[in-house]
Amino acid sequence: MKKKITAILFTLSLFLFGIGSVFSADSPDKDPISNWMKEWKDPSNQMRPLQIIHSTPITEKRIARYRDRCGLGGFVVSVSGKNGYIRNKENWKEFVNSVQAAQKAGLRIWIYDELGWPSLGAGGVVLEKDPSLESLELVFDKEAKEKFHVRPSYEYTFASMDSLRTARRHPNPLDPKAVGKFLEVTHQQYRDELGPDLYHHVEAFFTDEPTMLGFSLLRIMSKEDREKYGITDPLDWSKKILPAVPWRADLEDQYKQRYGEDLRPHFESLFGGESDQDRAVRERFWKMIAEINTDTYFGGIRRFCETDNAGPRASGHTLAEEGVILNVPVDGNKLAALKQFQIPGQDLLTSNPASQFRGNWLTNAWPTSAACLIGQRLAMTEISDHIQRHQKPSKVANIDEMRATAGIMASWGITEFTLYYGIDCGKEFPFRNEISHRQYCDFVGRINAILRPASPIRKILLYYPIELLQEEYVPMAGKFDSNRVSKRMKSIAAAFGSAGWSLSMARVPVVIADDQTIQELIANGAKNNSKKSRTIRNDFDFSAIVYPAGVPKKNYKWNNKNLKEIYAEEDPAITVPNKVDSVLGDLAGSRLLLDPFIGNISCGVFEREGKRIFILTNANAKDKTGYHGKATLAGALNPNQIKDGKWTILDPETGSAGSVEMKNGSLPIKLGINKTILLISP
């Protein structure tokens with residue numbers, strides 16, 4: 001009876017997908033897919049998501065629940081935040097015992113490197129060791145006799161106003177001594193306390209939303225509101241709210257060495273002005289800040305991890321990933337920062353699948369671009385339904401929404417899923433429980449079983465005009481308001497977003513590249529793919545670059561003379577999703593074209609052992625009947641492969657496998673709302 005029910009369910013799943021597949025239980029030994037199916041049928045913990053639980057202990061009871069009933073592969077944990085955090089030896093003993101328990105149970109472990117966020121303060125320990133390491137800011141007070149002065153960056157910044165945790169002073173990410181002290185009291189202490197065996201069991205350090213200060217992202221809290229959430233370090237409520245830029249003591253010397261001129265006479269240009277000189281000063285200043293931040297903070301963590309190649313790798317994500325306007329004050333240059341991670345990551349706060357085709361396409365593009373450029377396969381997401389939970393009325397994502405969100409991220413190349421999803425969501429949401437959590441983890445595990453060892457196919461570069469954003473960024477006093485930025489800043493951000501959105505809707509996977517990255521790609525191509533820089537790809541790996549509107553003509557000396565440069569200003573069709581293919585054609589590489597054309601269906605393209613793999617997820621919730629059409633193969637496959645013939649079709653929701661016939665380069669496609677399939681070439 002059990003076998004009969006299984007057969008019925010399998011047939012039903014194929015009917016729902018509408019591809020008339022014939023199950024192929026046994027593949028020839030020469031076909032590598034037969035080997036892939038072992039992991040597909042029962043994904044190992046390595047392929048499964050990690051639950052973020054922060055504090056230990058990890059007990060047998062916890063293991064039984066999270067691994068056995070919920071299907072998780074491991075945990076993201078840290079030393080307990082109670083009773084003194086990393087100051088308490090008992091907390092360290094508990095943590096070591098927990099990692100031992102996880103290792104014995106075959107569970108993965110990542111270490112969350114902070115008591116909270118933004119990372120760097122180590123729960124206040126860094127500044128307890130040396131108060132002189134506090135963040136600094138240069139402020140502009142046009143009403144004062146001395147218009148410019150340097151002060152600690154605390155009041156009215158992210159450290160005191162935006163966190164719903166206690167207000168606490170923050171170390172300076174531009175200061176190598178501050179970063180060194182942070183690594184000493186966190187990463188090095190984890191290494192010392194765990195010992196080599198357990199330390200080598202840890203896969204990564206998770207860095208959460210590091211940021212330069214000097215601005216407030218959300219609101220300026222009242223004294224009463226701030227006290228509700230806690231105040232560890234007293235605030236000076238009489239301090240004047242002023243526009244600020246991040247600072248360290250030797251920046252004027254650094255500027256003089258780099259650019260051969262004094263910065264002080266141009267201080268006012270950092271805070272306003274629309275002349276060419278004003279913009280040039282801002283661009284030079286923020287380029288310097290970006291390079292210092294990237295090398296000091298992000299590079300510092302990476303270099304520490306690289307001192308033990310068998311130990312954890314540097315991972316994490318940055319702040320404000322949904323757009324580009326805040327890239328300047330947060331990171332200086334977001335792409336450059338992410339390229340320093342060994343496992344670049346992102347944070348997706350919503351599990352509304354369709355949102356990933358709007359602003360959230362960029363949250364996926366950041367880490368997967370960085371991973372591609374540094375030659376790494378792994379990319380991380382911190383995923384939750386935070387926005388749904390905090391809307392009114394409050395709700396939680398259902399299992400279909402969760403799976404579709406994961407399918408779209410996987411199509412971009414995300415492999416490491418760290419979860420803030422609640423498991424039991426109460427009587428109001430009975431559909432979220434251990435069973436649905438297990439279904440989600442099985443789904444992710446199956447996708448990773450096929451795609452994690454595969455290589456993403458990325459042929460198109462999308463130019464990231466960070467230098468134009470640096471020219472236009474002007475700090476403002478109080479809460480940052482995107483409506484108050486210049487028209488040119490809005491135009492630059494909108495043009496970049498429009499180009500990326502269009503390519504995303506057209507299912508063209510892109511790699512974001514700024515001027516620095518392009519120079520490295522060209523240099524690596526000339527040097528036969530030199531690995532001296534963090535970018536180890538070269539310009540021969542790509543076939544076209546798209547420049548958003550407003551980007552001036554470039555004069556790059558490409559080694560790849562066939563690489564096509566597409567300027568959206570000259571060819572606006574590139575910003576119209578259903579016209580993208582008429583501009584790119586086969587330049588985008590092998591991919592599936594849907595007929596009829598529709599947005600909100602993702603399609604990732606991968607290669608593994610000579611096979612092309614496509615993953616499709618339908619996030620178009622408007623058509624309740626799902627997608628009905630055909631997929632036509634565009635671009636060349638491996639010359640030794642044939643387009644027509646039996647393709648393997650996999651359903652990660654049910655674990656079913658079958659085959660579908662391609663005729664004349666075309667496959668029939670019916671894909672339900674929030675459903676995902678994988679198609680593998682012959």
Side-chain angles (χ1 to χ4, degrees), residues 118 120-121 126-127 130-162 167-178 211-217 220-221 223 226 231 233-259 261-275 277-293 296-297 326 328-330 332 470 472-481 484:
L120 186 57
V126 170
L127 293 184
D130 189 346
S132 72
L133 302 177
E134 185 174 3
S135 272
L136 300 174
E137 60 188 19
L138 174 71
V139 296
F140 175 42
D141 186 350
K142 60 183 178 181
E143 298 174 352
K145 184 177 180 180
E146 296 291 335
K147 292 184 178 181
F148 304 97
H149 65 274
V150 175
R151 68 185 189 183
S153 189
Y154 176 48
E155 286 85 0
Y156 316 120
T157 72
F158 196 74
S160 60
M161 291 292 119
D162 299 321
R168 182 182 283 120
R169 292 184 177 274
H170 197 66
N172 192 343
L174 304 180
D175 186 344
K177 291 183 179 178
T211 177
M212 298 182 290
L213 299 186
F215 73 101
S216 179
L217 181 59
I220 302 298
M221 289 186 182
K223 185 177 181 180
R226 182 63 270 178
I231 300 175
D233 295 323
L235 291 97
D236 180 0
W237 293 98
S238 67
K239 183 179 281 189
K240 195 171 184 179
I241 302 177
L242 296 169
V245 297
W247 199 255
R248 82 178 195 193
D250 67 341
L251 283 188
E252 288 186 75
D253 292 337
Q254 289 279 334
Y255 191 91
K256 181 69 175 287
Q257 290 173 16
R258 288 167 182 253
Y259 306 118
E261 65 178 22
D262 291 327
L263 177 60
R264 186 170 291 268
H266 303 297
F267 273 0
E268 198 156 339
S269 294
L270 300 177
F271 297 88
E274 297 183 6
S275 70
Q277 183 185 45
D278 292 325
R279 290 192 170 100
V281 169
R282 288 195 292 269
E283 192 272 334
R284 288 195 291 265
F285 175 81
W286 284 106
K287 181 179 180 182
M288 175 182 71
I289 291 293
E291 290 174 357
I292 291 173
N293 183 49
T296 303
Y297 181 79
L326 276 167
V328 177
V330 169
Q470 291 167 341
E472 285 300 309
Y473 178 76
V474 174
M476 55 187 73
K479 174 186 175 294
F480 180 85
D481 183 354
R484 291 168 56 194

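If you take CG on Leu138 and CZ on Phe271, they are separated by 4.5 Å, rounding to the nearest 0.5 Å. For the atom pair CE (Met212) and OG1 (Thr157), the distance works out to 13.0 Å, reported to the nearest 0.5 Å. Atom-to-atom distance recorded for Tyr156:OH and Lys240:NZ is 11.5 Å, nearest 0.5 angstrom. Atom CG of Leu133 and atom CG of Leu127 lie 6.5 Å apart (nearest 0.5 Å). Note: Thr211 OG1 to Phe158 CZ = 6.5 Å, rounded to the nearest 0.5 Å. Rounded to the nearest 0.5 Å, atoms NZ (Lys479) and CZ (Arg484) are 9.0 Å apart.
In this structure, Asp278 contributes its side chain and Ser275 its backbone to a donor-acceptor pair below 3.5 Å. Looking only at distances, no side-chain donor or acceptor of Arg168 sits under 3.5 Å from a matching main-chain atom of Asp233. When atom types are taken as modelled, the side chain of Ser160 and the backbone of Ala167 share no donor-acceptor pair closer than 3.5 angstrom. Checked by atom type and distance alone, the side chain of Arg282 pairs as donor or acceptor with a backbone atom of Gly272 at under 3.5 Å. In terms of modelled atom types and a separation under 3.5 Å, the side chain of Gln470 and the main chain of Gly332 share a donor-acceptor contact.
Pro173 places a side-chain heavy atom less than 4.5 Å from the side chain of Ser135. Side-chain contact between Leu242 and His149 is present, with at least one heavy-atom pair separated by less than 4.5 Å.
Residues passing the side-chain contact (heavy atoms from CB on, under 4.5 Å) test with Lys142, sequence neighbours excluded: Phe140.
Scanning both residues, Val330 and Asn293, for their nearest heavy atoms gives O-ND2, 4.4 Å. His170 and Gly121 make their closest contact through CE1-N, 3.9 Å (heavy atoms, listed as atom of the first residue, atom of the second, distance). Residues Tyr154 and Glu134 approach most closely at CB-OE2, 3.8 Å, considering heavy atoms. Between Pro475 and Ala244, the shortest heavy-atom contact is CB-O, 3.3 Å. The minimum heavy-atom distance between Met221 and Trp237, with the atom names listed, is O-CZ3, 3.6 Å.
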Candidate pair Asp262 and Glu252, rule side-chain contact (heavy atoms from CB on, under 4.5 Å), full reasoning: CA-CA 7 Å; Asp262 291 327; Glu252 288 186 75; over 6 Å; no
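Put simply, the residue from Arg151, Lys239, Arg248 that forms a salt bridge (charged side-chain N to carboxylate O under 4.0 Å, His left out) with Glu137 is Arg151.
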Compile the donor-acceptor pairs under 3.5 Å between side chains in residues 284-292 and protein atoms, sequence neighbours left out, one pair per line.
residue : atom : partner : partner atom : Å
Arg284  : NE   : Tyr255  : OH           : 3.1
Arg284  : NH2  : Glu261  : OE2          : 2.8
Glu291  : OE1  : Arg258  : NH1          : 2.4

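Looking at Asp130 and Lys177, no side-chain N of the basic residue comes within less than 4.0 Å of a carboxylate O on the acidic one, giving no salt bridge.
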